[in-house]
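Only one structure is covered here, and it is reproduced in the block below.
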2 protein chains.
Amino acid sequence: MSSVDKIDLKIIEMLAADSRRSLADIGNSVDLAPSSVNERIRRLVASGVIRRFTVEVDPAALDRATQIYVWVALREDADEGAFREFAGTDPRIEECHHVTGAWSYLIKLRLKDVSAVEEFLSDLKSANFLGRSETVLALSSPVEAGVIPKGA
Amino acid sequence: MSSVDKIDLKIIEMLAADSRRSLADIGNSVDLAPSSVNERIRRLVASGVIRRFTVEVDPAALDRATQIYVWVALREDADEGAFREFAGTDPRIEECHHVTGAWSYLIKLRLKDVSAVEEFLSDLKSANFLGRSETVLALSSPVEAGVIPKGA
DNA sequence: GGTGAAAGAGGCCGGGT
DNA sequence: ACCCGGCCTCTTTCACC
């Protein structure tokens with residue numbers, strides 16, 4: 001059982017804000033020796049609580065400033081396994097959820113601009129996935145998740 | 001102008017996969033000396049291309065395994081500025097977008113479980129934000145963004 | 001689990017091409 | 001812009017508590 005006590009939580013928060021903080025620095029904030037902090041982080045990583053150390057990138061710098069949601073109903077005869085495979089591989093897809101309600105999937109896209117939506121939908125179509133779909137543009141985002149390029 | 005050439009891109013990808021990689025290690029992959037890699041990273045951070053070094057955390061470990069989308073129509077008399085302020089502050093809200101279509105906002109929630117949705121909606125209501133809303137549950141997620149606690 | 005010290009690695013920063 | 005090299009801080013390990 002991965003307990004994650006208050007100290008672990010504090011460590012996680014500090015790492016989330018700046019994962020390059022030194023162990024000594026973190027140790028000061030939680031009243032622990034650097035080696036103890038190190039051991040806790042090691043355990044958090046080993047147990048999968050911390051999935052990875054990474055960087056958050058400005059979407060615009062990667063030509064992915066446009067956020068788009070697409071509701072998708074798969075074709076009756078679509079290969080759902082292949083669709084999930086596709087979703088996991090395509091770098092344009094930031095999230096893909098099987099959802100309740102009238103549609104089967106909700107996909108979140110990060111694209112260069114609105115014109116790239118058409119290409120995406122046409123890709124879905126030519127792979128025989130697409131039944132119907134509905135597209136929603138994000139105009140502005142009071143709260144926006146940062147981009148983290150999905151790795152190999 | 002922040003140019004971001006191919007080498008920068010490669011560096012960003014490597015850091016995204018594991019931001020603790022050593023400069024020497026990265027340098028080998030892009031045929032650059034550690035100090036040159038360091039300088040490029042410094043510039044990427046300074047120019048805002050890299051927003052921060054952080055950690056991606058297992059949602060379940062933070063009691064936020066449940067992903068929910070809420071379509072919101074604000075009340076006619078709602079204080080939209082206050083709403084945006086609220087959205088930015090509430091830790092349950094992972095994303096909040098002003099969107100095209102029938103609804104005004106799309107909110108993405110990360111909650112402990114489905115029962116926490118009701119509490120969230122009631123909070124929206126008592127703050128006089130909520131006109132109508134529609135809730136969509138994510139049942140499973142072929143592609144899921146990792147959680148990064150929003151820090152102070 | 002936590003500690004502290006010792007050792008080793010890695011980042012940092014000058015000067016040079 | 002990039003490379004080299006020396007300093008020095010930080011991580012890592014380990015025997016002990």
Side-chain angles (χ1 to χ4, degrees), chain A residues 1-64 146-149 151-152, chain B residues 1-64 146-149 151-152:
Chain A
M1 290 280 77
S2 52
S3 18
V4 185
D5 59 21
K6 288 220 163 181
I7 295 180
D8 288 330
L9 219 61
K10 176 80 178 171
I11 291 174
I12 289 171
E13 274 169 23
M14 294 187 73
L15 289 177
D18 177 9
S19 65
R20 290 195 295 187
R21 280 269 236 321
S22 76
L23 299 174
D25 193 1
I26 298 173
N28 280 335
S29 301
V30 297
D31 286 301
L32 244 50
S35 57
S36 304
V37 176
N38 194 24
E39 174 63 12
R40 277 174 179 264
I41 294 176
R42 202 197 53 73
R43 269 202 302 274
L44 288 169
V45 171
S47 68
V49 172
I50 293 178
R51 288 185 172 164
R52 58 171 170 169
F53 283 70
T54 186
V55 287
E56 186 183 308
V57 181
D58 175 15
L62 302 178
D63 273 328
R64 301 180 62 186
V147 262
I148 297 178
Chain B
M1 290 272 72
S2 53
S3 21
V4 186
D5 60 20
K6 288 219 164 182
I7 295 179
D8 287 331
L9 219 61
K10 176 82 178 170
I11 291 174
I12 289 171
E13 274 170 25
M14 294 188 73
L15 289 177
D18 176 9
S19 67
R20 290 195 295 189
R21 282 274 241 312
S22 75
L23 299 174
D25 193 0
I26 297 172
N28 281 335
S29 301
V30 297
D31 286 301
L32 244 51
S35 56
S36 304
V37 176
N38 196 21
E39 174 62 12
R40 276 173 179 263
I41 293 176
R42 203 196 52 71
R43 268 203 301 273
L44 289 169
V45 171
S47 68
V49 172
I50 293 179
R51 288 185 173 162
R52 58 172 169 168
F53 283 71
T54 186
V55 287
E56 185 183 308
V57 182
D58 174 15
L62 302 178
D63 272 328
R64 301 180 64 188
V147 262
I148 297 177

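Per chain, numbering begins at 1; letters A, B, ... match sequence-line order.
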Of all the heavy-atom pairs spanning Thr54(B) and Ala16(A), show the shortest one and how long it is. OG1-O, 2.7 Å
Does Asn38(B) have a side-chain nitrogen or oxygen under 4.0 Å from the phosphate oxygens OP1 or OP2 of dG11(C)? no
In this structure, how many angstroms lie between the P atom of dA9(C) and the CZ atom of Arg21(B), rounded? 19 Å
Specify the separation, in whole Å, of atom CD1 of Ile26(A) and atom P of dT11(D). 8 Å
In whole angstrom, give the distance that lies between atom CD of Glu39(B) and atom P of dC4(D). 16 Å
In whole angstroms, the gap separating P of dG2(C) from CD1 of Ile41(A) amounts to 12 Å
To the nearest angstrom, how far is Leu23(B) atom CG from dC3(D) atom C1'? 14 Å
Exercise: identify the closest heavy-atom pair between Arg20(B) and Asp18(B): N-OD1, 2.9 Å
Nearest to the side chain of Arg43(B), which nucleotide is it out of dC2(D), dT13(D), dT3(C)? dC2(D)
Which atom names give the shortest non-hydrogen contact between Arg51(B) and Gly146(A), and what distance separates them? NH1-CA, 4.4 Å
Got a salt bridge between Lys10(B) and Glu13(B), using NZ or NE/NH1/NH2 to carboxylate O under 4.0 Å? no
Of the candidate nucleotides dC3(D), dG4(C), dG1(C), which contains the atom at the shortest distance from the side chain of Ala33(B)? dC3(D)
So Arg40(A) and Val30(A), do their side chains get closer than 4.5 Å, heavy atoms only? no
Side chain of Ser22(B), heavy atoms from C-beta onward: which of dG11(C), dC3(D), dG2(C) has the nearest atom to it? dG11(C)
Separation of dG1(C) atom C1' from Asp8(A) atom CG, nearest Å, is 11 Å
Looking only at side-chain N and O atoms, does Arg42(B) come under 4.0 Å of OP1 or OP2 in dC12(C)? no
Phosphate-side-chain proximity, Arg20(A) and dG11(C), N/O vs OP1/OP2 below 4.0 Å: no
Rounded to whole Å, please give me the gap between CG in Asp31(A) and P in dG1(C). 19 Å
Here DNA chain C, pairs taken as Watson-Crick or G-U under 3.5 Å and shown with ( ), [ ] when crossing and | when to another strand, reads |.||||||||.||||||
Tell me the closest heavy-atom pair linking Ile12(B) and Pro149(A), and the distance in Å. CG2-CG, 4.4 Å
Base, sugar-phosphate, or nothing: which does Ser35(A) touch, judged by heavy atoms less than 4.0 Å apart? base
Can you check the Asn28(A) CG to dG2(C) P distance for me, whole Å? 16 Å
Do Ile41(B) and Leu23(B) touch side chain to side chain, with heavy atoms closer than 4.5 Å? yes
